Amino acid sequence: MSATATELPTKEANLLKGHEGAVLAARFNGDGNYALTCGKDRTIRLWNPHRGILIKTYKSHGREVRDVHVTSDNAKFCSCGGDRQVYYWDVSTGRVIRKLRGHDGEVNAVKFNDSSAVVVSAGFDRSLRVWDCRSHSVEPVQIIDTFLDTVMSVVLTKTEIIGGSVDGTVRTFDIRMGREMSDNLGQPVNCISISNDGNCVLAGCLDSTLRLLDRTTGELLQVYKGHISKSFKTDCCLTNSDAHVIGGSEDGMVYFWDLVDAKVVSKFRAHDLVVTSVSYHPKEDCMLTSSVDGTVRVWKK
């Protein structure tokens, strides 16, 4: 069932407070029961967002934490940030299992693959680095360095690594074939996400547009406008039904567009300041937003 505009999560259900300073990312876990958030205060926090309860706080990063991603079995997570390192954590003990060093600059984004055996990180050093979580090596097993500027965002499919960069490209690396495809959008790309059916990539650009690309051909399918995205990293994603596109805005608004005709079907003020992150629940019509204002909000219909 695709959500109609009236079923979109626009009512605040919970306010998650605790971070000191800007929250840079908020992510549901695989089944949507928990959330991880991270930010300027160098901490990562695990929540039950539906009850508004902080479960655990993780501290080890020396600078702000930019991104976090949890494994499909919820046992481990990875994080990255301003200290140039990727951390691999045990959820229940809060212990850092491994620190993955190698980036020559701050690290913007991290993602596990489906089996959670591999982590891919995106950095200021214009590279994507691939790390094997099962080995005890702290060296990357692969470095992709064909980007011409900072890599801001990364998504993975079963066979591909896709990166979005300030150089204006979305580059797709076929791991099995060893092939690279590049789609040049002509504007800095600061966020990419993949549709749930795997057919499309949504790219957030710093000219205040979101662009939907066909994943296999690179064809531009649609452009979404109305929000402000010029100087901050603001997330974009699709609803779990792929019926709507969601984007955060620098003026604290969140926008929902119809996927097909790109009309704004809903917009509302979610925060007082820049919306840094939007994360949609995998099954329900529920959403997380985070902001420079230090809060994370849970939205339901």
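Everything quoted here is computed from the prediction, not taken from an experiment.
Side-chain atoms of Y280 and L238, non-hydrogen and from C-beta on, never get closer than 4.5 Å to each other. Between P140 and V130 the shortest side-chain heavy-atom distance does not fall below 4.5 Å. Taking the side chain as every heavy atom from C-beta outward, V254 and M287 approach each other to under 4.5 Å. You'll find the side chain of T43 reaches within 4.5 Å of the side chain of H19, heavy atoms only. S279 has its side chain out of reach of D235: every pair of non-hydrogen atoms, C-beta onward, lies at least 4.5 Å apart. Using a 4.5 Å heavy-atom cutoff, the side chains of L185 and L213 are in contact.
R297 contributes no side-chain N or O that, together with a main-chain N or O of E12, makes up a donor-acceptor pair within less than 3.5 Å. Of the possible donor and acceptor atoms, one in the side chain of S277 sits under 3.5 Å from a partner among the backbone N and O of A26. The backbone N or O of L221 lies less than 3.5 Å from no partner atom in the side chain of D214, so there is not a single donor-acceptor pair. N113 places a side-chain N or O within donor-acceptor distance of the main-chain N or O of V118, the cut-off being under 3.5 Å. A donor-acceptor contact shorter than 3.5 Å links the side chain of Y224 to the backbone of L259. Not a single donor-acceptor pair under 3.5 Å links the side chain of S127 to the backbone N or O of R129. K233 places a side-chain N or O within 3.5 Å of a backbone atom of M152 that can act as its donor or acceptor partner.
Proximity of the aromatic rings of Y88 and W131 is defined here by a centroid distance below 6.0 angstrom, and this criterion is not met.
Between the side chains of R126 and S165, not a single donor N or O lies within less than 3.5 Å of an accepting N or O. D90 and S92 form a side-chain donor-acceptor contact under 3.5 Å, judged by distance and modelled atom types alone.
The minimum heavy-atom distance between D41 and G18, with the atom names listed, is OD2-O, 4.4 Å. Minimum interatomic distance between T295 and H271 (heavy atoms only, all atoms of both residues): OG1-ND1, 3.1 Å. What you find for S60 and W89 is that their closest heavy atoms are CB-CH2, 3.4 Å. Closest of all the heavy-atom pairs between I162 and T157 is CD1-CG2, 4.3 Å. Nearest heavy atom pair, residue D174 against residue M177, reads OD1-N, 2.9 Å.
When the shell of 6.0 Å around NZ of K40 is examined, it contains 12 or fewer heavy atoms from other residues, nucleotides or ligands. In the displayed structure, E180 atom CD is contacted under 6.0 Å by more than 12 heavy atoms of other residues, nucleotides or ligands.
Screening residues 139-197 for ring pair (Phe, Tyr, Trp, His ring centres under 6.0 Å) gives F147-F173 as the qualifying pairs, with residues at least two apart or on separate chains. Note on residues 186-211: pairs passing side-chain hydrogen bond (donor to acceptor under 3.5 Å, both in side chains), not counting sequence neighbours, are S195-D197, N196-D242, D197-N199, D207-T209, D207-R211, T209-R211. Pairs of residues two or more places apart, or lying in two chains, that qualify as salt bridge (Lys or Arg N to Asp or Glu O under 4.0 Å) and include a residue from residues 256-268 are D261-K263. Among pairs with a residue in residues 30-57, those fulfilling ring pair (Phe, Tyr, Trp, His ring centres under 6.0 Å) read H50-H281, at least two apart in sequence or across chains.
One finds no salt bridge joining D31 and K283 here, because no Lys/Arg side-chain nitrogen approaches an Asp/Glu carboxylate oxygen to under 4.0 Å. Here E250 does not pair with K230 in a salt bridge; the nearest charged N to carboxylate O distance is not below 4.0 Å.
Annotation: side chain to side chain contact (heavy atoms under 4.5 Å, CB included) contacts of R42 (sequence neighbours excluded): none. Looking at residues two or more places apart in sequence or on another chain, you find a salt bridge (Lys or Arg N to Asp or Glu O under 4.0 Å) between R66 and E64, E106. Not counting sequence neighbours, T159 has no partner by the side-chain hydrogen bond (donor to acceptor under 3.5 Å, both in side chains) test. Evaluation of the ring-ring contact (aromatic ring centres under 6.0 Å, His included) rule for F112 yields H69 as partners, not counting sequence neighbours. Partners of D73 under the side-chain hydrogen bond (donor to acceptor under 3.5 Å, both in side chains) rule, at least two apart in sequence or in another chain, are T71.
Counting Ile, Leu, Val, Met, Phe, Trp and Tyr side chains that sit under 4.5 Å apart, directly or through other members, L15 stands alone, with no cluster partners. Taking Ile, Leu, Val, Met, Phe, Trp and Tyr as members and joining any whose side-chain heavy atoms lie under 4.5 Å apart, directly or through other members, I228 forms no hydrophobic cluster with any other residue. Hydrophobic cluster membership for L148: none, as no Ile, Leu, Val, Met, Phe, Trp or Tyr side chain comes under 4.5 Å of it.
Tracing side-chain contacts under 4.5 Å through hydrophobic residues (I, L, V, M, F, W, Y), one never reaches L210 starting from F268; they form parts of separate clusters.
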